[in-house]
Asker: 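Let me begin by handing over the structure; questions about it come next.
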Amino acid sequence: MDAISMIFEASLWAAAVRIASPLIFATLGELICERAGVLNLGIEGIMTVGAFAGWVTVYSGADLWTGVMVAALAGAAFGLLHGFLTVPLGLSQHVTGIGITLLATSLTYYAYRVAFPEVTSPPKIETFVPLEIPLLSQIPILGEALFRQTPLTYLAFIAVILVAYVLYRTPIGLAVRTVGENPAAVEAQGIDVTWLRLGAVAVGSAFMALGGAFLTMSAFNSFYFDMVNGRGWICIALVVFGSWRPGKALLGAILFAAFDAYQLRLQQLAGAYLPYQVFLMLPYILSILALIAMSRRAGYPRALMIPYRKGER
Amino acid sequence: MVSPGKPMRLEPRTESGRSIWIVAPLAAIGASFLVAAILALIGGASPFSVFAAVINGAAGTQFAFLETLTRATPLIFTGLAAAVAFRAKLWNIGAEAQLYAGAIMTVVLGTGALPLPGPVVIPMIMAAGVMAGALLLLGPTWLKTRFGVDEVVTTLLLNFVMVLFVSMLLDGVLKDPMGLGWPQSKRVVADATLPKLVQGKRLHLGFVIAIGAALVVWFINARTTFGYEMRAVGFNPRAARFAGIPVNRVMAKTALLSGGLAALAGVSEVAGLKGNLTLDLSPGFGYTGIVVAMLAVLHPIGVIAAAIFVAAMFVGADAMSRTVGVPTYIANVMVATALLTMVTAMLFTRFRLRLS
């Protein structure tokens with residue numbers, strides 16, 4: 001098989017959708033936070049928390065959907081901490097976010113080691129299994145790529161539609177979008193800026209945690225150290241690439257994942273000529289290039305990273 | 001719990017109290033110990049036995065204390081790197097990659113390529129390392145000033161690229177042919193090795209160089225125009241530009257300084273401690289440097305103290321986990337807690353809390 005015909009393989013696109021799923025959740029989460037004016041660099045740590053919380057809940061006997069709920073709540077809890085420090089206290093969103101990532105990651109690793117002091121091979125759970133959608137899954141290429149995935153992947157796609165709907169078609173979405181552009185205007189409408197931003201950061205962080213939970217409950221079946229492996233940072237790049245719009249972010253995540261799936265296959269084809277590390281570097285380099293390409297057109301929410309204090313200009 | 005928004009108000013302080021500069025670090029240390037006590041109980045151990053073991057493991061014996069200083073050495077460099085950059089609001093989260101850039105230059109030049117005596121070859125290696133690290137940060141900084149690309153994300157992503165690049169080198173051109181197939185470089189020759197400070201112990205000249213670097217940074221900050229410009233740019237770039245400060249050039253110079261300092265961590269770890277380059281050279285020294293810088297309120301002399309404190313937590317927790325059996329990650333939690341408490345406490349140097 002050559003490098004070109006691989007692009008038209010259904011299995012490539014199925015893999016792309018699978019790889020994209022955690023990125024879709026986490027990118028949506030970051031997008032919600034940033035739309036409300038709060039940069040959330042806690043994303044990497046919150047994904048780690050979500051991965052562990054969901055997995056350990058299922059491991060201790062609960063069903064998968066309970067695990068998903070617990071992961072989301074754990075993510076929201078860290079989101080509230082980030083929100084409390086950056087919104088009412090107005091601390092540096094950069095420093096706080098890095099702090100949240102360090103705290104969330106190290107707490108997770110501590111909890112893992114306390115719960116499983118001496119395990120040689122990581123304990124496993126029964127994960128979500130692919131759910132074929134009747135009829136739709138029979139469509140060539142598209143069917144295999146989109147309609148033979150696990151329920152969490154379907155949830156990721158539903159989440160995109162839901163978030164887009166809420167952001168653009170509901171009063172609360174309008175308030176969230178406005179608070180990221182002009183918080184004083186929101187205040188003038190009688191809406192509390194602090195609570196609105198806190199809520200957005202908590203909800204966004206819950207989505208990030210779902211991205212982490214996908215890794216342990218759908219992509220793999222156990223928890224590993226460093227398993228998030230920079231996905232959170234890539235999602236921050238994807239938000240910029242998607243110009244802070246859910247639909248474009250989804251497209252970006254799938255393109256990115258398709259590229260990732262493609263490089264994995266290319267590695268087998270060209271592995272003899274190039275070291276495998278070159279292929280592994282490509283996704284990160286691609287993210288940087290995407291950031292550069294989009295930077296000129298980047299329409300940052302105007303109040304992003306600017307704390308709001310009532311009565312202050 | 002104070003409900004945000006309504007009954008709580010932050011009012012700007014007109015005068016800044018001196019005592020807060022002592023209270024803030026103490027609050028940070030206190031909070032980290034409080035969190036650690038809770039975690040110790042969850043881990044099934046008495047907090048006091050955990051603290052005793054941590055303190056004993058970090059400073060209980062001469063060996064332990066020298067080990068703490070050895071661990072503090074790279075953290076002083078990465079802490080300075082973060083402190084210098086953050087002061088100018090250049091968010092360099094890429095110290096990890098710059099550290100590896102310095103380490104690569106050390107093995108490229110230090111494993112026999114330059115048959116020169118130590119006093120000549122060591123400064124050359126340091127200069128090469130500094131240059132590599134400096135250039136590595138110059139890229140993202142240029143992208144920031146030229147195209148407005150957020151340097152947080154680019155420097156973070158470059159960390160992952162760099163580790164893969166090192167892995168590639170250790171599988172290829174830098175691989176030690178005598179390394180039994182392990183991904184490791186050849187060992188640094190004796191002339192290029194930083195001498196030990198205490199006979200038979202691991203503490204090396206890198207520690208002294210780190211202290212020297214902190215003094216140099218302090219001098220730059222306090223006594224030079226460049227130091228003033230960096231602070232002005234960090235405080236308000238628009239006002240700085242209006243005042244005739246070449247903001248982009250100051251940013252670039254800051255990047256060179258910050259990247260170079262981070263690279264010295266890699267030079268000192270390879271030439272002073274490890275002797276060769278491996279993929280586990282840095283257990284996150286670059287990221288921990290950010291915590292060190294924040295604990296030090298970005299002050300270069302404070303960085304020394306903060307680095308020793310953070311190193312003590314890690315060295316102490318390693319020893320503690322061997323004797324008491326509580327996972328060593330407790331140190332990471334303590335350090336992260338100290339960071340968040342510190343930035344919160346520092347808020348009150350600028351604001352006071354009014355409960356209305």
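Because the structure is predicted, anything quoted here is derived from the model rather than measured. A note on names: the letters A, B, ... follow the listed sequences, proteins ahead of strands, and every chain is numbered from 1.
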Asker: Look up atom CE in A:Met294 and atom CZ in B:Phe147, then write down how far apart they are to the nearest 0.5 Å.
Answerer: 14.5 Å
Asker: Please identify, among A:Leu107, A:Thr105, A:Val278, A:Ile236, the residue contributing the most non-hydrogen atom pairs under 4.5 Å to chain B.
Answerer: A:Leu107
Asker: Hey, is the main chain of B:Ser167 close enough, under 3.5 Å, to the side chain of A:Gln277 for a donor-acceptor pair?
Answerer: yes
Asker: Which bit of A:Leu103 comes within less than 4.5 Å of chain B, counting heavy atoms only: side chain, backbone, both or neither?
Answerer: both
Asker: Which heavy-atom pair separates A:Thr96 from B:Leu340 by the least distance, and what is that distance?
Answerer: O-CD2, 3.9 Å
Asker: Checking heavy atoms, do the side chain of B:Ile290, its backbone, both or neither come under 4.5 Å from chain A?
Answerer: side chain
Asker: Tell me whether the rings of B:Tyr329 and A:Tyr109 are parallel (<30°), tilted (30 to 60°) or perpendicular (>60°).
Answerer: perpendicular
Asker: Could you check whether any side-chain heavy atom of B:Asp150 comes within less than 4.5 Å of a side-chain heavy atom of A:Leu291, counting everything from C-beta outward?
Answerer: no
Asker: Check this for me: A:Tyr224, atom OH, are more than 12 non-hydrogen atoms of other residues, nucleotides or ligands nearer than 6.0 Å?
Answerer: yes
Asker: Side chains of A:Trp233 and B:Thr154: does their closest heavy-atom pair fall under 4.5 Å?
Answerer: no
Asker: Is it the case that over 12 heavy atoms from other parts of the model lie below 6.0 angstrom from the CD1 atom of A:Ile172?
Answerer: no
Asker: Against chain A, work out which of B:Val149, B:Leu156, B:Ile330, B:Val326 has the most heavy-atom pairs shorter than 4.5 Å and name it.
Answerer: B:Leu156
Asker: Output the distance between atom CG (A:Leu91) and atom CG (B:Leu347), rounded to the nearest 0.5 Å.
Answerer: 5.5 Å
Asker: Identify the two heavy atoms, one from A:Ser106 and one from B:Ala336, that lie closest to each other, and give their separation to 0.1 Å.
Answerer: OG-CB, 4.5 Å
Asker: When you measure from the side chain of A:Tyr110 to the backbone N and O of B:Leu39, does any donor-acceptor pair fall under 3.5 Å?
Answerer: yes
Asker: Side chain from CB out, backbone as N, CA, C, O: work out which of these in B:Val152 comes under 4.5 Å of a heavy atom of chain A, or both, or neither.
Answerer: side chain
Asker: Looking only at heavy atoms and a cut-off of under 4.5 Å, which of A:Leu39, A:Leu102, A:Val95 has the most pairs with chain B?
Answerer: A:Val95
Asker: Heavy-atom distance under 4.5 Å to chain A: side chain of B:Leu339, backbone, both or neither?
Answerer: side chain
Asker: Report which part of A:Phe225 has an atom under 4.5 Å of a heavy atom belonging to chain B: side chain, backbone, both, or neither.
Answerer: side chain
Asker: Pick whichever of A:Leu81, A:Val114, A:Val193, A:Ile234 has the most heavy-atom pairs under 4.5 Å with chain B.
Answerer: A:Val114
Asker: Are A:Ser92 and B:Trp91 side-chain neighbours, meaning at least one heavy-atom pair lies under 4.5 Å?
Answerer: yes
Asker: Can you say whether A:Tyr276 sits under 4.5 Å from chain B via the side chain, the backbone, both, or neither, judging by heavy atoms?
Answerer: side chain
Asker: Checking A:Tyr284 against B:Leu158 for the side-chain contact (heavy atoms from CB on, under 4.5 Å) test, could you report, in this order, the C-alpha distance in whole Å, the side-chain angles of both residues, the deciding distance, and whether it holds?
Answerer: CA-CA 7 Å; A:Tyr284 301 110; B:Leu158 278 178; over 6 Å; no
Asker: Between B:Met168 and chain A, which part of the residue has a heavy atom less than 4.5 Å away: side chain, backbone, both or neither?
Answerer: both
Asker: What's the spacing between A:His94 NE2 and B:Lys89 NZ if we round to 0.5 Å?
Answerer: 10.5 Å
Asker: Under 4.5 Å heavy-atom distance to chain A, tell me which part of B:Val335 shows up: side chain, backbone, both or neither.
Answerer: neither
